[in-house]
Amino acid sequence: MADVRLAGIGMTSARTRDRLVQRLREQGISNPAVLERIRNVPRHIFVDEALGSRAYEDTALPIGFGQTISQPYIVARMTEALLEGGEVNNVLEVGTGCGYQTAVLAPLVAHVNTIERIEPLYARARQRLKELGIRNVRFRHGDGALGWKAHAPFDGILVAAAPLTVPETLLKQLKVGGRLLVPIGPEGKQELVRFTRRDQRIERESLGPVAFVPLLGGTA
Ligand code: SAH
């Protein structure tokens, strides 16, 4: 039964997933390893059963607690942008949510450290990734805006919720050559930004407009 659930049937079948991959390709996602992950990660197990039939649409969907599972295009775009420009071993993810982005990313890098501020989401994500046999992820219930000093510095940091300005603490936890991907700005006016740490300076590139939930302080 577990195998049938993961493989998917009907609206969660291989054909439905292929259509999603084709759509992302048309929208400019070109990294084959990233597209393969989008094809293989069973997104339907990350949402409520009632929403399962919509899991392979390219949209964000509710996951409870006022939060959403990220849109597949955004997950693919952020993962691709993180992997461009040098080896990525040790990654920090801020905003685990349901764990979908974590599941797409984890097999493409050596280690993922992921932080979620809402306890039930943290616990569920942890359980789901275990179910999928993904073992190179360290989970934490906490405030990801503070980073994770014990496991820093990182080759890549991926933030799945939007602060109003770039968190300096996260920039400090990047290695030289490391990339920080973060949506910045108030709701309705955010842009995805990639910061790259160089020897003496920080490079900033805008990757276009996006819509994320806000990055909040503390835990819940
Ligand atoms: N990529 C995730 C998207 C989750 S939405 C997925 O695919 O499911 C963003 C998540 O960031 C929410 O779960 C929210 O609770 C969390 N979040 C917001 N501020 C945070 C903070 N300071 N530290 C950790 N998590 C945070």
Side-chain angles (χ1 to χ4, degrees), residues 20 24 34 37-38 40-48 51-52 54-82 91-109 112-129 131-132 134 137-152 154 156-171 173 180-187 190 192 210-220:
L20 172 62
L24 299 191
V34 173
R37 289 306 294 155
I38 297 286
N40 289 335
V41 177
R43 192 168 183 257
H44 62 280
I45 72 158
F46 291 87
V47 295
D48 252 20
L51 291 170
R54 301 191 53 201
Y56 300 94
E57 290 175 15
D58 190 23
T59 54
L61 294 168
I63 53 171
F65 310 93
Q67 306 303 322
T68 54
I69 179 172
S70 305
Q71 183 192 349
Y73 171 77
I74 286 294
V75 169
R77 182 76 188 97
M78 285 182 90
T79 308
E80 190 172 74
L82 185 79
V91 177
L92 174 68
E93 180 188 43
V94 175
T96 318
C98 66
Y100 175 67
Q101 164 83 71
T102 326
V104 168
L105 175 67
L108 306 177
V109 301
V112 179
N113 306 276
T114 186
I115 310 180
E116 170 56 52
R117 65 181 288 279
I118 300 177
E119 208 275 340
L121 290 178
Y122 146 85
R124 263 185 239 164
R126 185 177 198 149
Q127 181 54 37
R128 281 202 189 93
L129 266 70
E131 201 180 322
L132 292 177
I134 296 174
V137 179
R138 198 179 276 126
F139 293 84
R140 177 173 179 178
H141 171 225
D143 181 356
L146 307 173
W148 197 339
K149 223 171 168 183
H151 300 292
F154 303 101
I157 303 179
L158 202 154
V159 185
L164 295 176
T165 57
V166 59
E168 292 293 329
T169 321
L170 296 182
L171 282 175
Q173 294 186 11
L180 164 63
L181 274 128
V182 57
I184 296 182
E187 255 167 300
Q190 298 164 358
L192 181 61
V210 284
F212 277 83
V213 296
L215 186 82
L216 302 174
T219 56

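Both backbone and side-chain heavy atoms feed into the values below; hydrogens, waters and symmetry mates do not. Order of appearance sets the numbers: ligands from 1, and atoms from 1 within every ligand.
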Among all protein non-hydrogen atoms, which one is nearest to [atom], and what is the separation to 0.1 Å?
atom: atom 12 (C) of ligand 1; answer: Gln67 OE1, 3.2 Å
atom: atom 4 (C) of ligand 1; answer: Thr68 O, 3.4 Å
atom: atom 20 (C) of ligand 1; answer: Arg117 CD, 3.3 Å

Pick, from [options], the option with the minimum heavy-atom distance to [atom].
atom: atom 18 (C) of ligand 1; options: Gly147, Ala161, Ala160; result: Ala161
atom: atom 22 (N) of ligand 1; options: Leu216, Val47, Val104; result: Leu216
atom: atom 11 (O) of ligand 1; options: Ala125, Gly95, Gly66, Gly144; result: Gly95

Quick check: does [X] get an N/O under 3.5 Å from an N/O on ligand 1?
X: Val75; result: no
X: Asp143; result: yes
X: Cys98; result: yes

Exercise: do Thr102 and Glu93 side chains pair donor with acceptor under 3.5 Å: yes
Which atoms of ligand 1 are found less than 4.0 Å from any heavy atom of [X]?
X: Ile115; answer: 24 (C), 25 (N)
X: Ile118; answer: 15 (O)
X: Gln101; answer: 1 (N), 7 (O)
X: Leu121; answer: 13 (O)

